[in-house]
Engineer: 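Below is one structure. I have some questions about it.
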Amino acid sequence: MTRFDYLIDKIETAEFIQTPFKHLEILQFFTDADFAELLACQEIAIPTAANDEELFDHLLDRGYKIIPFPGSTASRQEYLAWHQNQTEGDRYHPTCEGFGVTLRLIEPISTFLQELDAFLRGDAFNAAIAKKFNINLESCSTDCGIQKYLDGYEITPHPDVRFKALTYMVNANPNPDSATQQHHTHYMRFSDKRRYVETLWSGNQDIQRCWEPWEWCETEKVQSVNNSIVIFSPNNDTIHAVKATYDHLAFQRTQLYGNLWYKNRPAVQKAEWTDLDVFANMTTRMANADPEKPIQKNKMSAIQPDEQSLVAHKTL
């Protein structure tokens, strides 16, 4: 038995939410007393920094380490140079405006966080979240940690890659006004015009899922409440995104973050959002067509956009 076993009870009794996709969302995940103790830990409540360099020093001194992570650079110097100038041409991904830095707490100092870290890595917690989503835990490896994400961090709409079995995020922000900040996870759905991408991914299991432009998707809700957890098993419709635009010198976006990863990873073909842009590709083909040559009618002309995407991309 641990002091955190009640978290398992909350997960086991939570009701699934189906919009915009199947997931769990539990508010007041920790008791008020536990959450207050969590936020008071020196690894969470980092002293206010005068500048980015000092912020990095504070974080590294408290056991954090810069990690390779989507939407982030693993280079301190690269980030410092970008954050000072924010050159438009420097991007993590073509769909992003820039990049951030993600730091993970590698060696907790506080007794509370040491106990919490051991619990989140333990068999009981991971078995509970796996069972809730009908996942065989033995077929997965686990990964979790306390993470801070600096200004500029951005992951555009995406459903997660096929070999991720489950993901969870707990907001543990030390800023008392964190709910109003622009650094939270958006839970989204494709716009009607782009819904065909889900069909494409569903019908082509050998094509890896990818990031999409913001304008392809619509936000259904934002996880802005502190002490809340969202858990879901990635699928073709589990679209989510985040863009951090905030002053990180006093407070940082902070999460308890974890995944289950499938050990067996069949080979998949890489496809970027540009490969899936049926409308742009059709426009390009029309622009490059010989104006002197009459358009040949065929069955494609009568197919709706979502079906066109499947036909056009069978060869990907």
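What you are looking at is a predicted structure, and each value in this text was computed from that prediction instead of being measured. We're numbering straight along the sequence, starting at 1. Values reported hereafter were calculated over all heavy atoms of this structure, with side chains retained and with hydrogens, waters and symmetry mates removed.
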Engineer: As a test of understanding, state which of Val101, Ile46, Leu150 forms a side-chain contact (heavy atoms from CB on, under 4.5 Å) with His248.
Structural biologist: Leu150
Engineer: State which residue, out of His183, Gln181, Gln255, fulfils the side-chain contact (heavy atoms from CB on, under 4.5 Å) condition with Asn173.
Structural biologist: His183
Engineer: Would the distance check show the side chain of Asp143 and the main-chain N or O of Gly258 forming a donor-acceptor pair, the cut-off being under 3.5 Å?
Structural biologist: no
Engineer: Are Arg189 and Glu218 ion-paired here, with the side-chain N under 4.0 Å from a carboxylate O?
Structural biologist: yes
Engineer: Do Thr180 and Asp177 pair up side chain to side chain, a donor and an acceptor below 3.5 Å, judged on atom types alone?
Structural biologist: yes
Engineer: With ring centroids as reference points, do His158 and His93 lie under 6.0 angstrom apart?
Structural biologist: no
Engineer: Give a yes or no answer on whether the side chain of Gln223 reaches the backbone of His186 with a donor-acceptor pair at less than 3.5 Å.
Structural biologist: no
Engineer: Please report whether the ring centroid of Phe21 lies less than 6.0 Å from that of His23.
Structural biologist: yes
Engineer: Can you check whether Thr238's main-chain N or O pairs, donor with acceptor, with Asn235's side chain at less than 3.5 Å?
Structural biologist: no
Engineer: Would you say the ring centroid of Tyr149 lies under 6.0 angstrom from that of Tyr246?
Structural biologist: no
Engineer: Compute the ring centroids of His240 and Phe232, then answer whether they are less than 6.0 Å apart.
Structural biologist: yes
Engineer: Relative to Tyr153, does Lys243 satisfy both conditions: NZ or CZ under 6.0 angstrom from the six-membered ring centre, and within 45 degrees of the ring's axis?
Structural biologist: no
Engineer: Is the Tyr262 to Phe163 ring centre distance short of 6.0 Å?
Structural biologist: no
Engineer: Hydrogens and angles aside, do Asn126 and Thr142 bring a side-chain donor and acceptor to less than 3.5 Å of each other?
Structural biologist: no
Engineer: Ignoring hydrogens and geometry, is there a side-chain-to-backbone donor-acceptor pair from Tyr6 to Thr31 under 3.5 Å?
Structural biologist: yes
Engineer: Say whether, by atom type as modelled, one donor and one acceptor occur between the side chain of Asn204 and the main chain of Ile207 under 3.5 angstrom.
Structural biologist: no
Engineer: Given 3.5 Å as the limit, does a donor-acceptor pair link the side chain of Thr73 with the main chain of Ser75, or not?
Structural biologist: yes
Engineer: Taking 4.0 angstrom as the limit, do Glu43 and Lys148 come out as a salt bridge?
Structural biologist: no
